[in-house]
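Remarks on the structure that follows.
Throughout, a chain's letter reflects where its sequence line sits, starting with A, and its residues are numbered from 1. No hydrogens, no waters, no symmetry mates; every other heavy atom, side chains included, goes into these values.
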2 protein chains.
Amino acid sequence: MASPTVENYLKALLALSRQRDTVSISDLSAELGVSKPSANSMIKRLAEQGLLEYERYRPLRLTEEGRKQAALVVRKHRLTEMYLVEKMGFGWEEVHPIAEQIEHIDSPALFERMDQLLGSPDFDPHGSPIPDRQGNISARIGQRLSGCEPGDVVILTGLENSSPDFLRYLNEKGLRLDAVIKVAARESYDGSMRIIYGGREETLPKGTADQLLVATQLRAPASGTSTR
Amino acid sequence: MASPTVENYLKALLALSRQRDTVSISDLSAELGVSKPSANSMIKRLAEQGLLEYERYRPLRLTEEGRKQAALVVRKHRLTEMYLVEKMGFGWEEVHPIAEQIEHIDSPALFERMDQLLGSPDFDPHGSPIPDRQGNISARIGQRLSGCEPGDVVILTGLENSSPDFLRYLNEKGLRLDAVIKVAARESYDGSMRIIYGGREETLPKGTADQLLVATQLRAPASGTSTR
DNA sequence: CTACAAAGTTAGCATAGGCTAACATTGTTT
DNA sequence: AAACAATGTTAGCCTATGCTAACTTTGTAG
Ligand SMILES: [Mn+2]
Ligand SMILES: [Mn+2]
Ligand SMILES: [Mn+2]
Ligand SMILES: [Mn+2]
């Protein structure tokens with residue numbers, strides 16, 4: 001079993017490799033809030049364990065094994081977040097720090113039970129996909145709301161940003177996943193959008209609309225069929 | 001926040017001090033499965049932190065602060081076990097190793113939520129008392145079944161032994177907490193007891209009857225409402 | 001009282017993680 | 001090509017936690 005520290009490094013490497021084409025030690029150290037020498041010494045150990053391909057001064061790349069282990073930690077994290085929200089009544093803005101810890105629990109049975117009680121969900125409370133038991137990660141669904149045109153009717157399927165502040169802001173606006181949103185207007189001057197949803201009408205600055213992922217269909221149902 | 005290691009030491013010290021009048025470093029090292037020098041160096045650190053009173057060659061004694069911190073870890077452990085059994089469908093023989101990990105999660109909100117969803121239970125799935133939020137531990141209820149007389153009708157309220165093997169053995173016998181047990185006979189030769197409960201009749205060796213705690217009343221109900 | 005065994009302690013070492021300061025490499029910008 | 005900033009690496013140090021081997025203290029059995 002990998003230590004919590006190693007699991008966090010693997011997760012960070014996976015997240016970074018999905019954001020950029022090439023991942024550096026600086027990226028990693030910034031992502032985890034550790035010094036570059038700390039990241040440097042850890043990547044050597046990960047490489048020794050066959051979890052990372054590494055040559056001095058070259059970009060970092062997870063091996064297939066490393067990628068899989070990282071995805072399985074993400075699976076535990078997102079199942080936990082879903083469980084906390086759906087079964088324990090937490091708000092979506094509260095669950096990340098708890099899941100950050102519970103993801104390191106070594107108990108396949110615990111996470112299997114969560115999965116079963118939740119009906120094998122495909123997405124976490126923030127709309128991010130939950131990797132399957134083999135570590136496969138399905139693509140996220142949706143495009144930015146900021147790219148929609150007046151008249152479009154879409155469904156909120158995910159968030160580009162899940163910071164507590166942003167989530168609390170959405171709470172105040174009454175915006176939740178699966179909300180049906182009609183685009184009323186877009187201000188060409190600053191890109192802000194007027195939207196109608198759930199009996200409300202609000203104006204979102206472009207920066208906010210950029211963070212909201214929307215689609216014209218509800219997300220895939222639980223029974224693991226491939227969409228998209 | 002204490003590290004998981006420190007929390008485990010505190011818990012072991014509390015458990016030992018409830019078993020014996022005086023706790024030694026040898027006891028502690030045996031309980032935790034670490035070497036005596038390891039225990040020795042840890043107690044020095046605990047003493048520095050004001051969690052333990054310690055003089056060379058003298059018995060160990062938790063301070064009030066140490067006792068409280070230990071009890072609060074036990075609270076997290078037992079709430080978790082209860083949650084896993086009552087809300088997630090685990091068997092009482094499966095939950096200890098999971099709770100041994102989850103007890104170290106730093107999230108008051110998580111355990112408050114468990115407590116609330118469970119209706120503030122007083123006992124864990126093995127009949128052990130759940131310390132309150134101030135770290136007070138109520139007395140366990142019941143005497144050994146082996147001390148009962150033929151004709152006595154009692155209720156199973158707790159276990160002296162919660163090892164997985166013993167719990168599985170009780171599963172096979174269909175013995176569960178709150179079972180109503182009638183003592184049919186006791187063999188004076190070897191102390192084995194014939195008991196009747198839940199439509200079954202079984203003979204328990206004295207060693208087993210020693211591990212079962214029974215009372216003539218149901219255990220204290222959770223604040224207000226009674227559980228099943 | 002004396003031995004001896006058990007218990008406790010110390011010394012020395014190891015591994016996992018983390019840090020800062022200093023040095024080296026790389027790639028970009030004149 | 002030279003210089004510089006960004007990036008990466010090394011060296012040296014720290015804390016937490018563990019170990020074994022060796023020594024000391026304590027308490028008990030003769
Ligand atoms: Mn999260
Ligand atoms: Mn984590
Ligand atoms: Mn337990
Ligand atoms: Mn534990």
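- Protein atom CG of A:L28 is 14 Å distant from nucleotide atom C1' of C:dG18, rounded to whole Å.
- If you take CG of A:L32 and P of C:dG18, they are 8 Å apart, rounded to a whole angstrom.
- Phosphate contact (OP1/OP2 of C:dT26, side-chain N/O of A:R58, threshold under 4.0 Å): absent.
- The nearest whole Å value for the distance from the CE atom in A:M42 to the P atom in C:dT15 is 15 Å.
- Taking side-chain N and O atoms only, B:S41 has no distance below 4.0 Å to OP1 or OP2 of D:dG18.
- Applying the 4.0 Å criterion to OP1 and OP2 of D:dT15, one finds that B:R45 has every side-chain N and O outside that range.
- Among the protein residues, B:S35 comes within range of the nucleic acid bases, having at least one heavy atom under 4.0 Å from a base atom.
- Contact between the side-chain N/O atoms of A:S3 and the OP1/OP2 oxygens of C:dG17 is found at a separation under 4.0 Å.
- As a whole-Å value, the separation of B:D27 CG from C:dA6 C1' is 12 Å.
- The cationic atom of A:R113 (NZ for Lys, CZ for Arg) lies less than 6.0 Å from the six-membered ring centre of B:F90 and within 45° of the ring axis.
- Distance from the side chain of B:K36 is smallest for C:dA7 among the nucleotides C:dA7, D:dG18, D:dG8.
- Between A:W92 and A:N171, the side chains place a donor N or O and an acceptor N or O closer than 3.5 Å (distance only, hydrogens not considered).
- Counting any heavy atom pair closer than 4.0 Å across all strands shown, A:S24 reaches sugar-phosphate atoms only and no base atom.
- Close to D:dT9, at under 4.0 Å from its OP1 or OP2, lies a side-chain N or O of A:Y54.
- Put simply, A:N40 has a side-chain N or O that comes within less than 4.0 Å of OP1 or OP2 on D:dT9.
- Look at B:K44 and you won't find any side-chain N or O under 4.0 angstrom from OP1 or OP2 of C:dT9.
- Residue-level contact check: A:T5 touches the backbone only, with heavy atoms under 4.0 Å from sugar-phosphate atoms and none from bases.
- In this entry the distance linking CG of B:L60 with P of C:dT9 reads 8 Å, nearest Å.
- Side-chain atoms of B:Y57 lie closest to C:dT9 of the nucleotides D:dC19, D:dT9, C:dT9.
- Taking the side chain of A:I25 as heavy atoms from C-beta on, and the options C:dG17, D:dT9, D:dC19, the nearest nucleotide is D:dT9.
- For the pair A:S38 and C:dC19, the criterion of a side-chain N or O lying under 4.0 Å from OP1 or OP2 is met.
- Remark: of the listed residues A:E65, A:R67, A:R61, A:E65 is the sole one forming a side chain to side chain contact (heavy atoms under 4.5 Å, CB included) with A:T63.
- Looking only at side-chain heavy atoms (C-beta outward), A:I141 and A:L213 stay at 4.5 Å or farther from each other.
- Put simply, CZ on B:R56 is 9 Å from P on D:dT25, counting in whole angstrom units.
- Atom-to-atom, CG of B:N8 to C1' of D:dG18 comes out at 14 Å; the value is rounded to the nearest Å.
- Atom CD of A:E55 is separated from atom P of C:dT25 by 16 Å (rounded to the nearest Å).
- Evaluated for a salt bridge (Lys or Arg N to Asp or Glu O under 4.0 Å) with A:E103, the options A:K11, A:K76, A:R78 yield exactly one hit, A:K11.
- Between A:R133 and A:E112 there is a salt bridge, with a side-chain nitrogen of the basic residue lying less than 4.0 Å from a carboxylate oxygen of the acidic one.
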